[in-house]
Structure formats: structure tokens, C-alpha cells
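For reference, the structure discussed in these notes is given below.
In this chain, numbering begins with 1 at the start of the sequence shown.
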Amino acid sequence: MNKRHFSQTLQGKNAQKLLRWAGFLAVTLWALALLRLNYWRIYDNTFWVDETWSIRLARMSLPDMVKKTATDMHPPLFYMLAMAMNRLLGDNGPAYHLSALLPYAGILFLACTEVRREFGLGPAFLLVTMMSLMPEPLYYNVEVRMYSLGAFLVLAAFLALRRILTRNRLPEWVVFSLASLGAAYTHYYALISVAFFYLILVIPSLRDRGFLRRTAVTWAVAVLGYLPWLGVLVKSFVSTSGDWWLQEIPKARECFVYFFGSWYLAGLFALTVAVFLFVSVKRKRPDTEEKPKMPVSPDVLWILAGLGSMVGTVAVGLLLSYAVRPFFVIRYLYPLTPVMFLILGFCLSRLDRTKVLCFVLTAVLVVYLWPGYLHIRDDYKYQDMCTAEFLEKVRPGDNAVFYMEGMADFRYYFPDIPERTNWTIEDADTSYTEIWYFRETTGQPQDIPGYQKELVTEGLFTGWYYYYAWRYQAMA
């Protein structure tokens with residue numbers, strides 16, 4: 001009887017192990033398939049002005065890059081990654097796109113491993129799908145900007161935070177410190193987002209001295225780790241508070257819907273999270289003589305940390321914008337996107353005893369989002385084709401200078417040609433035999449004495465801008 005029971009137990013364990021491996025294989029294959037749908041876009045050769053700024057910094061030496069970005073509104077970690085891609089793979093478009101694609105692949109890796117182990121297949125499939133097919137991730141998964149890296153680091157810190165709340169082991173604290181500090185060095189609003197994760201640590205610290213000591217050390221490490229850049233942050237805030245390009249301030253409701261792209265999905269998120277919190281708070285804890293270390297369950301506290309980070313980041317951005325001047329662009333929330341998607345999947349799976357609702361929502365989203373993916377894919381291909389056709393006609397000589405108006409930037413495509421912005425005819429440097437003038441304005445520009453002008457080409461450039469390329473040729 002004992003041997004038969006042992007045999008049945010062993011068979012049951014083997015079956016469970018086989019199911020776990022099958023689940024891991026299924027979600028990994030799904031992630032690789034969706035990664036492939038995003039991967040092809042690294043060969044896109046259309047870069048808008050913010051991306052070309054990233055590329056310019058990546059071409060610099062490390063000291064020059066750090067000095068230059070210290071005058072910008074972004075910290076340097078992403079640019080270091082872009083520099084690494086430049087040094088390893090060369091000065092080309094795919095190398096720069098990989099600086100965004102690799103962090104996105106890191107998010108998929110976390111979904112297939114940590115999320116699957118901790119929360120099950122349903123939330124893992126949902127996170128992989130939403131981070132691969134939702135409209136905002138489709139852009140930022142390959143855009144040569146810091147948002148993809150910020151999203152990966154904020155998600156890693158959020159996952160480490162749950163392990164801290166449920167296990168309180170030293171490795172989780174180390175991962176949390178590294179990921180959150182990395183997020184702070186990637187984007188200033190990512191710094192604000194992870195700061196609210198630190199605040200949630202105060203609650204369990206009130207009832208546990210050991211937890212309090214680790215919280216204090218983690219806070220100290222964060223402060224000391226960011227001290228080298230803190231002065232730059234303050235200086236950037238002061239310098240941009242008087243003059244910055246931003247004029248509009250987003251509405252709070254726009255910030256909430258931003259993550260989900262529609263009120264329907266945002267409403268589903270709000271309803272699911274509200275029901276989960278209500279059920280979790282009302283559920284009675286088992287009676288024990290030992291005083292609980294947290295006033296609510298670790299999962300509730302973790303969800304509140306994610307929601308508090310989102311609300312707090314929006315609140316800080318709007319408060320600064322209304323009190324000082326507009327400082328907040330809605331895309332600055334993007335690093336929190338995988339956190340919001342994970343919260344949706346987690347709460348949905350905890351409320352669903354059948355464990356199928358996450359899979360149902362995943363299937364619905366694939367059907368709903370697929371036409372949008374095809375549209376964005378075709379749009380990128382069209383932009384790339386138009387940019388290539390435009391650049392094919394632009395063939396500067398050895399002694400040429402570029403002048404331009406608007407938001408386009410030609411420095412990636414012609415790194416050896418001097419370029420000027422905010423130009424008027426009176427500023428023309430007549431020491432060059434060729435003066436190229438790129439502008440969005442229709443009609444003929446003014447003449448430059450001693451030069452013959454011609455319209456070389458016109459058309460869409462980098463997707464969004466319709467440009468006219470005028471060439472002034474010095475007359476013999």
C-alpha cells in the first residue's frame with residue numbers, strides 16, 4: 001500500500017513537472033513569435049529628431065556624452081547602452097534600434113520566467129501579448145530612446161519588491177536596489193515611479209525591526225548611489241524651469257487611459273483591481289497569536305505600491321507643470337506600462353478560479369490589436385521608403401553645409417556635413433560652395449547673392465515631416 005502510494009505521488013510530481021515545462025515552452029515560443037514581429041523593425045532607417053539626438057550622444061566618447069546629457073533633461077544610462085551597441089555593432093541603424101529592443105526582450109524574459117513562476121501562465125501570456133502588440137509598446141520597443149530600458153528596470157524593481165514583501169531575503173533587496181537605481185539613471189520620471197516603491201517599504205518596517213534595518217540600508221544606498229547625479233538633476237530643473245519647449249499639460253484622465261489605449265480596457269483594469277482589493281481586504285486572516293507584520297496581505301500592499309506609483313508619478317508631473325511650468329509629457333509614464341499590465345493579469349488570475357480569464361483576454365486582445373499592428377507595420381515601411389527616396393536625391397559635395405528648419409535632423413544620415421538650425425538667409429555661410437536648405441515651408445526661399453538655387457527634391461522625411469530640399473550652388 002505504501003509502495004503504491006509512493007508510486008502515485010511520484011507520478012503526480014512528474015506530471016506536474018512536465019506540465020510546468022510545457023507551460024514554460026508554450027509561453028517562451030509565444031514570446032519569441034511576438035519578438036519576431038517587433039524584431040524586423042530594427043532595420044528601419046527612419047529616425048526622428050529625438051532619436052538622432054540619442055545617436056549623436058552614442059557617437060561621442062563617454063566623458064563627452066555625460067557632459068552633454070547633463071545639459072539635457074535625461075540621465076545617461078540609456079545613452080551608455082546605445083554607446084555599447086555603437087562600439088560592438090558599428091554606427092548603423094540596427095545597432096541603435098537594438099538598444100531599445102534588448103530591454104523589451106528583457107521584459108519578455110521576465111514574463112516567461114519570474115512572472116510565470118510566481119503568478120502562473122495566464123498573467124505571463126497576457127504581459128507578453130500586451131507588451132508586444134499594444135500601440136505604445138509597438139513604438140517604444142524599437143525607438144532609440146530610453147523608454148524601453150526604463151520599462152524593463154521599473155518592472156524588475158516591481159517584481160523584486162513583491163519578493164521582498166513575501167520572502168524578505170537579501171538577494172531580493174539587492175536586485176531591487178540595482179533595478180530601481182538603474183531606472184533612476186534612465187529617466188527622471190522613472191526615478192519618481194520607483195521612489196513610490198521605496199515609500200511602500202515604510203509600512204512593513206513599522207512592525208518589523210529587521211525589515212526596518214534593511215529598508216534604511218536600501219534607502220541609504222539609493223541616496224548615495226544617486227548623489228553623483230543629484231546636482232545635475234537640480235541644475236537641469238532650474239535651467240528648464242524658465243525656458244523649455246513644452247507648452248501643453250496632459251489631463252489626469254488621459255494619463256490613466258494612456259496605458260491601455262481605450263476606455264474599455266482601462267475600465268476593465270479599474271474594475272478588476274477594485275474587486276480584487278475589496279475581496280482581499282474583506283477576506284479574514286487566520287487567527288494567530290503572533291501579531292501580523294503587515295496591516296494587509298503582501299499581495300495587496302504590492303498592488304497598492306504599483307497603483308501608488310502610477311498615481312504619484314502623474315501627481316508629481318502635474319503639480320510641477322501647474323506650479324512652475326509644463327514639465328510633463330504623457331509618454332514619460334511609459335516605464336510604468338508593464339507594471340500596469342502585470343497588475344491587470346495578476347488581479348484577474350487571483351479572482352478567477354478557472355484560471356482561464358487571462359487566456360480569454362489574451363485571445364481577445366490578439367484579435368483586437370492585430371489590425372493595429374498591421375497598420376503600424378505598413379506605416380513604418382512607408383515612412384522608411386519615403387525617407388530612402390528623399391535621401392537618394394540629396395547628394396552633397398565635398399564642401400557643403402546643411403541648414404534646416406523644423407524638427408528633422410540629418411546628422412545621422414550625413415555625420416560629416418556641418419548642420420545649422422534656426423536659419424535665415426542672412427546667416428548663410430558663403431565660404432561653402434554648396435548650401436543645402438531643408439524646410440517645411442512651401443514656395444521659393446530667398447536668393448543668396450552669388451549662388452544659383454534649385455529645388456532638388458521634396459517629400460516625406462522621417463515619416464512625419466514633408467520637406468523641400470533646396471540647393472544653393474556657388475556660381476563660378
Ignoring hydrogens, what is the shortest heavy-atom contact between [X] and [Y]? Give both atom names and the distance.
X	Y	answer
Leu268	Thr272	O-OG1, 2.7 Å
Pro137	Thr337	CG-CG2, 4.4 Å
Val339	Leu155	CG2-CA, 4.2 Å
Val300	Ser280	CG2-CB, 3.3 Å
Tyr104	Met131	CE1-O, 3.4 Å
Phe109	Thr113	O-OG1, 2.6 Å

Measure centre to centre between the rings of [X] and [Y], then say whether the value is under 6.0 Å.
X	Y	answer
His187	Tyr147	yes
Phe47	His97	yes
Phe176	Trp173	no
Phe259	Phe269	no
Phe125	Phe359	yes
Tyr466	Phe461	no
Phe119	Trp302	yes

Does any donor atom in the side chain of [X] or [Y] lie under 3.5 Å from an acceptor atom in the other side chain?
X	Y	answer
Tyr198	Ser180	yes
Tyr188	Trp229	yes
Glu136	Tyr258	yes
Asp384	Tyr43	no

Query raised in the report: How are the rings of Phe346 and Phe276 set relative to one another: parallel (under 30°), tilted (30 to 60°) or perpendicular (over 60°)?
Result: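 Ring orientation, 0 to 90° scale: perpendicular.
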
Inset, instruction - Look at the aromatic rings of Tyr467 and Tyr465 and report parallel, tilted or perpendicular, splitting at 30° and 60°. - result: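 Because their plane-to-plane angle is over 60°, the rings of Tyr467 and Tyr465 count as perpendicular.
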
From [atom1] ([X]) to [atom2] ([Y]), nearest 0.5 Å:
X	Y	atom1	atom2	answer
Asn141	Met134	CG	CE	12.0 Å
Arg169	Arg163	CZ	CZ	6.0 Å
Leu127	Leu344	CG	CG	10.0 Å
Leu149	Met80	CG	CE	11.5 Å
Trp53	His74	CH2	NE2	10.0 Å
Leu81	Leu102	CG	CG	6.5 Å

Quick check: does any side chain N or O of [X] sit under 3.5 Å from a backbone N or O of [Y], one acting as donor and the other as acceptor?
X	Y	answer
Asn168	Leu165	no
Arg87	Ala82	no
Ser132	Val128	yes
Tyr140	Ala151	no
Asp352	Leu357	yes
Ser99	Ala95	no
Lys68	Leu57	no
Trp219	Arg214	no
Glu51	Trp48	yes

Do [X] and [Y] come close enough that some side-chain heavy atom pair is under 4.5 Å?
X	Y	result
Phe78	Val144	yes
Val154	Phe197	yes
Leu206	Leu212	no
Tyr39	Arg36	yes
Leu191	Thr186	no
Asn45	Tyr413	yes
Leu336	Ser309	yes
Tyr382	Leu460	yes

Between Arg350 and Glu118, does the salt bridge (charged side-chain N to carboxylate O under 4.0 Å, His left out) criterion hold? Intermediate values first, please. CA-CA 12 Å; Arg350 288 299 188 268; Glu118 293 292 312; over 6 Å; no

Given the rule in the side chain to side chain contact (heavy atoms under 4.5 Å, CB included) test, do Tyr96 and Ile42 qualify, once you have shown the distances and angles that lead to the verdict?
CA-CA 8 Å; Tyr96 295 121; Ile42 71 169; over 6 Å; no

Point to revise | Carboxylate-amine/guanidinium contact Glu172 Arg162, below 4.0 Å | key: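 Result for this pair is no, no salt bridge flagged.
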
One thing to verify: whether Glu254 and Arg331 come together as a salt bridge, which I'm taking to mean a side-chain N less than 4.0 angstrom from a carboxylate O.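 Looking at Glu254 together with Arg331, the answer is no, because their closest N to O distance does not fall below 4.0 Å.
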
Side chains of residues 27-34: which donor-acceptor partners sit under 3.5 Å, not counting sequence neighbours?
| from | atom 1 | to | atom 2 | distance (Å) |
| --- | --- | --- | --- | --- |
| Thr28 | OG1 | Phe24 | O | 2.6 |
| Trp30 | NE1 | Thr129 | OG1 | 2.9 |

### OH/Tyr226: more than 12 non-hydrogen atoms of other groups inside 6.0 Å
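Yes, OH of Tyr226 has more than 12 neighbouring heavy atoms, counting only those of other groups under 6.0 Å.
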
Answer yes or no: does atom CZ of Arg117 have more than 12 heavy-atom neighbours from other residues, nucleotides or ligands under 6.0 Å?
->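 Yes, the 6.0 Å shell around CZ holds more than 12 heavy atoms from other groups.
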
Can you name the one residue among Leu333, Leu319, Leu320 that meets side-chain contact (heavy atoms from CB on, under 4.5 Å) with Phe328?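 Answer after filtering Leu333, Leu319, Leu320: Leu333.
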
*Which is it for Thr313 and Tyr332 under the side chain to side chain contact (heavy atoms under 4.5 Å, CB included) test, yes or no, and what are the steps along the way?*
CA-CA 9 Å; Thr313 303; Tyr332 292 170; over 6 Å; no

For the pair Leu153 and Val194, evaluate side chain to side chain contact (heavy atoms under 4.5 Å, CB included) and give the outcome as yes or no after the intermediate values. CA-CA 9 Å; Leu153 293 169; Val194 296; over 6 Å; no

| query | Which is it for Ser148 and Glu143 under the side chain to side chain contact (heavy atoms under 4.5 Å, CB included) test, yes or no, and what are the steps along the way? | reply | CA-CA 8 Å; Ser148 181; Glu143 186 175 271; over 6 Å; no

